[in-house]
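Below is one structure; the comments refer to it alone.
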Amino acid sequence: MRGPRRLSQQLILSLTVVVSLVVVANGVIAVRSADTQLQATMLQSVEQLSGAIASSTWHAMLADNRESAYQVMQTIAAKQGIRSVRIFNKEGRVMFSTPRSEVKVVDKKAEACFLCHASEQPLVRVDTPTRARVVKRTDGGRTLAMVTPIYNEPACSNAACHAHPESQNVLGVLDVGLDMKLVDQQVRRIEIRTALFTSLAVLLVGLCAAAFTRRFVTTPLTRLSEATRQVAEMKLDRPIALTSSEELEALASSFNEMRRRLAVAMAELNELTRGLEEKVDERTEQLKVAQQKLMQADRLASLGQLSASVAHEINNPLSGVLNLSMLMQRILKDDGIPKGREAEFRRYLEQVVAETARTGRIVSDLLAFSRRGTPVRSETDLNAIVGRTLSLVSHKLKLMNVEVECALDAALPRVEADSSQLQQVVMNLVLNAGEATRKRETGHVRVSTRATALKKEVVLEVRDDGEGMPPELKERIFEPFFTTKDEGKGVGLGLAVVYGIVRAHDGDIEVESAPGEGTLFRVTLPVHGEAAAAKA
Ligand code: ADP
């Protein structure tokens, strides 16, 4: 069983229990000692009474005037408080009894006789307390009885009338019983008084304990706990005052000191945090400025690079066109092309056309590159785009001796994409793959499509068994105008355009390649491009 959980209740209960035990024990002892005291007083009375009966009947007994002796006893026995007066002779015969006894001969082992006849040899002289006994009556009351031996005196043994032999020490026994009603009543009164006092003491102690506990323990503890809670909530401006005891005063003062120090530490911490925040803000601002400058510089550098590349790329064919035009200008006379130089003139003209076409290609590639950020999306079947692109380039690939293998996933989900941009991706990758195998007698290109496990993305793979790329080349292939192809054959914008388109579709492009082991381009596109982009 669990006891009370509150400290005040525990204190009140333990104090009350301890005090109750002490008061009850004290009461029991007081009642017992009062009972013993009263019994001792009664014992004196019964002894005096027995003596008085013995002395007032002495003369009558000596004269063997039994009637007179019994008369005296009868008179004494009638007094209030005397329960019985009996006389037994040596054999235990009841010689006289008041009230009149039914029993004529008592058993020597009976209560009244037992104290002297307990052993074979009866006692002759017994002290006063031993001769007394307390008998519980059937009516619930008690009787204090005392036996007084009647000794054979010389006057008796020598008398002529009825001489008892001299050897007989005890002639009989006087047994006087006093009612203990008054003692019992007094003990009862003391008991009631003690019980009342005990209950009152317990009640008073309980009430005082409750009041003191409340005043000196509960109230200060509640205030302390409230103060602790406020400190936990960081309300550090409320000191606590406890004056009920020295210990609590000391506790309150340590608590206040702790609260004060905490407040100082908190203020310092806040100051530090504020300073740090200011510093962080300042640094962030500086970093932002630096980043902007860097971005600006980077943009300028990229623009510069791009411009230089574009200028270089366009300048070459343009210079060619200019030179050829000047040559043709020199050949051309007023009356037309001189005879015999037509073929030369036509060759120059063809070169002009080729160079101009090349410039046109560069310009259209550049346009594609600059347009990459704005795909016009619609539900697109990537398999259909692959099929269409392959049929467009099939003639070219045949000329390059490239065999194309297709492994398209029939259950490929449609993607939200710009179909013409995707076509450009497939075309650039397939043509690059074909060109990478040009040193082989027969090149092999494998184009495949599939969906990822949760069908949230589609994957396009273009694999070739061409020359492959070393890592340093692989790192640069997506840079605009990076090419390893001969002058006039590659512009270096194909993969830059592919990369731009794939990123604009929120997709990803990976390359696996090693020299002599072919190359794999893997393009991953989200099925729901715009939704995925919004989520991102
Ligand atoms: P270009 O084709 O005009 O050179 P690209 O951007 O398409 O420009 O390609 C850049 C370079 O990447 C190519 O010059 C080539 O060196 C390399 N490259 C592209 N695709 C492959 C491939 N499948 N195998 C090996 N190298 C490749």
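All values reported here derive from a predicted model rather than from experimental measurement. Indexing begins at 1, ligand by ligand and atom by atom, following the structure's order.
A salt bridge links E344 with R341: at least one charged nitrogen is closer than 4.0 Å to a carboxylate oxygen. Using a 4.0 Å cut-off between charged nitrogen and carboxylate oxygen, E461 and R450 count as a salt-bridge pair.
The shortest contact between atom 4 (O) of ligand 1 and any protein heavy atom is with T483 OG1, 2.5 Å. Atom 23 (N) of ligand 1 has as its closest protein heavy atom D464 OD2, 3.0 Å. Scanning the protein for heavy atoms near atom 20 (N) of ligand 1, the closest one is N432 CB, 3.4 Å. For atom 2 (O) of ligand 1, the nearest protein heavy atom (residue, atom name, distance) is K485 NZ, 2.5 Å. Closest to atom 14 (O) of ligand 1, if we only count protein heavy atoms, is T484 N, 2.8 Å. Nearest protein heavy-atom contact of atom 12 (O) of ligand 1 is I477 CG2, 3.2 Å.
Taking every non-hydrogen atom of A436 and a distance limit under 4.0 Å, the qualifying atoms of ligand 1 come out as 22 (C), 23 (N), 24 (N), 25 (C). Of all the atoms in ligand 1, the ones that sit under 4.0 Å from a non-hydrogen atom of A433 are 23 (N). The distance from ligand 1 to the heavy atoms of G492 drops below 4.0 Å at these ligand atoms: 1 (P), 3 (O), 6 (O), 8 (O).
Around atom 10 (C) of ligand 1, the closest heavy atom drawn from F521, F482, Y499 belongs to F482. Nearest-residue assignment for atom 18 (N) of ligand 1 (options E435, M469, R463; heavy-atom criterion): M469.
Side chain to side chain, Q185 and R188 fail the donor-acceptor criterion of an N or O pair below 3.5 Å. Between the side chains of S420 and D418, a donor-acceptor pair is found at a separation under 3.5 Å.
Under the side chain to side chain contact (heavy atoms under 4.5 Å, CB included) rule, V31 has a single partner from I190, T36, I192, N26, which is I190. Each of N383, D409, D381 was scored for a side chain to side chain donor-acceptor pair (under 3.5 Å) with T449, with one residue passing: N383.
Here T519 has side-chain heavy atoms under 4.0 Å from ligand 1, and that is the only part of it that gets that close.
A donor-acceptor pair is defined here as one N or O able to donate and one able to accept, closer than 3.5 Å; such a pair exists between the side chain of E342 and the backbone of G340.
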Margin query: As a quick check of understanding, evaluate salt bridge (Lys or Arg N to Asp or Glu O under 4.0 Å) for R260 and E257, giving each step before the final call.
Written below: CA-CA 5 Å; R260 193 187 61 74; E257 180 59 18; 2.8 Å; yes
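The number of heavy-atom neighbours closer than 6.0 Å to CD of Q37, taken from other residues, nucleotides and ligands shown, is 12 or below.
The minimum heavy-atom distance linking C406 with L390 is given by the pair SG-CD1, 3.3 Å.
In this structure, G466 does not count as a contact residue of ligand 1, since none of its heavy atoms falls inside 4.0 Å of the ligand. Using a 4.0 Å cutoff on heavy atoms, N428 does not count as a contact of ligand 1.
Considering backbone and side-chain atoms alike, E467 places every N or O at 3.5 Å or more from each N or O of ligand 1. Inclusion of L495 in the set of residues having an N or O under 3.5 Å from an N or O of ligand 1 is warranted.
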